[in-house]
Undergrad: 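Here you go, one structure.
Throughout, numbering of the chain's residues begins at 1 and tracks the sequence.
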Amino acid sequence: MKRLDLQKCIVGSVFTNCYFLKNKETEEMLIVDPGDNADRIEQKVLEMQGRPVAILLTHGHYDHILAVPKLQDFDHILAAEEIKKKYNIPIYACAKEEKTLQDPRINLTAFHMSSYTLKADVYLTDLQVVELAGFSVQMIETPGHTL
């Protein structure tokens, strides 16, 4: 894949891998699992000189969508939402993750000081293929932290 520049950034208190898939020809970029540290994610985008076009979520647990609380105000920030707003890009997720994203007990935010939900802009079915950033991307259901 000569067109692909794949890099990762570890974010959050549980060290979640956030991936960046940049098309070297168009500079379009996909951001996968922006779970925390939106400022670090933005810095990585600048370093790679990418132009984000979409966020992809592998599943709906808090560590893939939610920033940890700031010490001074104990407020949580949905890092995925912050990145979405910063670049005005859609969030893609597997349709089977909609319930997880919408239920704080299942996405585990209910156990981290505040309950949050997230609505993806586009829900894809398992094995559905979409064209994003010049790449064919296939949605594969990954129901969260499986072994």
Undergrad: Under a 4.5 Å side-chain heavy-atom rule over Ile, Leu, Val, Met, Phe, Trp and Tyr, are Leu4 and Val130 clustered together?
TA: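 Shared cluster, yes.
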Undergrad: Find the distance between NZ (Lys22) and CG (Leu30) and round it off to the nearest 0.5 Å.
TA: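 Answer for the NZ-CG pair, Lys22 versus Leu30, is 12.5 Å.
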Undergrad: State, with a plain yes or no, whether a side-chain heavy atom of Ile41 is found less than 4.5 Å away from one of Phe20.
TA: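 Yes, close enough: below the 4.5 Å cut-off.
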Undergrad: Hey, what do you get for CD (Glu27) to CD (Gln49), rounding to the nearest 0.5 Å?
TA: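 The CD atom of Glu27 sits 6.5 Å away from the CD atom of Gln49.
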Undergrad: How far apart are the closest heavy atoms of Val45 and Met29, and which atoms are they?
TA: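 Scanning both residues, the minimum pair turns out to be CG2-SD, 3.8 Å.
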Undergrad: Testing the basics here: between Ala93 and Leu101, what is the closest heavy-atom pair and its distance to 0.1 Å?
TA: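 Result for this residue pair: CB-CD1, 4.1 Å.
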Undergrad: Using a cut-off of 6.0 Å, state whether more than 12 heavy atoms not belonging to Gln7 lie near its atom CD.
TA: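 Result for CD/Gln7: enclosed.
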Undergrad: Compare all side-chain heavy atoms of Thr58 with those of Val32 and state whether any distance is below 4.5 angstrom.
TA: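 Thr58 vs Val32: side chains touch.
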Undergrad: If you measure from CD on Glu131 to OG on Ser136, what distance do you get to the nearest 0.5 Å?
TA: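 If we round to the nearest 0.5 Å, Glu131:CD and Ser136:OG are 3.5 Å apart.
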Undergrad: Would you mind reporting whether Thr117 and Asp103 have side-chain heavy atoms less than 4.5 Å apart?
TA: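 In short, these two side chains do not touch, never coming nearer than 4.5 Å.
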Undergrad: Using the rule that Ile, Leu, Val, Met, Phe, Trp and Tyr join whenever any side-chain heavy atoms are under 4.5 Å apart, tell me whether Leu6 and Met139 fall into a single cluster.
TA: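 In one cluster with Leu6: Met139, yes.
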Undergrad: Quick check: does any side chain N or O of Lys44 sit under 3.5 Å from a backbone N or O of Cys9, one acting as donor and the other as acceptor?
TA: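 Here the side-chain-to-backbone pair does not exist.
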Undergrad: Quick one: are Glu42 and Tyr87 in side-chain contact, heavy atoms under 4.5 Å?
TA: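 Side chain of Glu42 against side chain of Tyr87, heavy atoms only: contact under 4.5 Å found.
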Undergrad: Given 3.5 Å as the limit, does a donor-acceptor pair link the side chain of Asp126 with the main chain of Glu141, or not?
TA: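 Answer holds: yes.
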Undergrad: Report the distance from atom CG of Asp33 to atom CD1 of Ile31, rounding to the nearest 0.5 Å.
TA: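 One finds 11.0 Å between CG of Asp33 and CD1 of Ile31.
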Undergrad: What is the distance from atom OG1 of Thr26 to atom CZ of Phe135, rounded to the nearest 0.5 Å?
TA: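 Reported to 0.5 Å precision, the distance equals 7.0 Å.
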Undergrad: Sub-3.5 Å donor-acceptor pair from the side chain of Asn23 to the main-chain atoms of Glu28, do we have one?
TA: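 Not a single qualifying donor-acceptor pair exists.
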Undergrad: Which residue pairs pass the salt bridge (charged side-chain N to carboxylate O under 4.0 Å, His left out) test when at least one of the two sits in residues 116-125, sequence neighbours left out?
TA: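 Matches after skipping sequence neighbours: Lys84-Asp121.
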Undergrad: Please check: side-chain N/O of Gln138 versus main-chain N/O of Val129, any donor-acceptor pairing under 3.5 Å?
TA: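 Judged by distance alone, no pair lies under 3.5 Å.
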Undergrad: Running the 4.5 Å side-chain criterion over Ile, Leu, Val, Met, Phe, Trp and Tyr, what cluster does Phe15 land in, apart from itself?
TA: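 Ile10, all in the cluster of Phe15.
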Undergrad: How close do Arg40 and Val11 get, heavy atom to heavy atom, and via which atoms?
TA: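 Smallest interatomic distance, heavy atoms only, reads NH1-CA, 4.1 Å.
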Undergrad: State, with a plain yes or no, whether a side-chain heavy atom of Tyr92 is found less than 4.5 Å away from one of Leu132.
TA: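 Sidechains of Leu132 and Tyr92: in contact.
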Undergrad: Compare every heavy atom of Leu127 with every heavy atom of Ile140, then report the nearest pair and how far apart it is.
TA: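 Of all heavy-atom pairs spanning Ile140 and Leu127, the closest is CG1-CD2, 4.5 Å.
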Undergrad: Mind checking whether Leu21 and Val137 have side chains closer than 4.5 Å, heavy atoms only?
TA: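 Not touching, per the 4.5 Å side-chain cut-off.
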Undergrad: So Ile83 and Pro52, do their side chains get closer than 4.5 Å, heavy atoms only?
TA: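 Of all side-chain heavy-atom pairs linking Ile83 with Pro52, none is under 4.5 Å.
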Undergrad: Is any side-chain heavy atom of Glu97 closer than 4.5 Å to a side-chain heavy atom of Leu57?
TA: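 No. Closest side-chain heavy atoms not under 4.5 Å.
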Undergrad: Which pair of non-hydrogen atoms, one from Ala79 and one from Pro34, has the smallest distance, and what is that distance?
TA: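 In this case the closest contact between Ala79 and Pro34 is CB-O, 3.3 Å.
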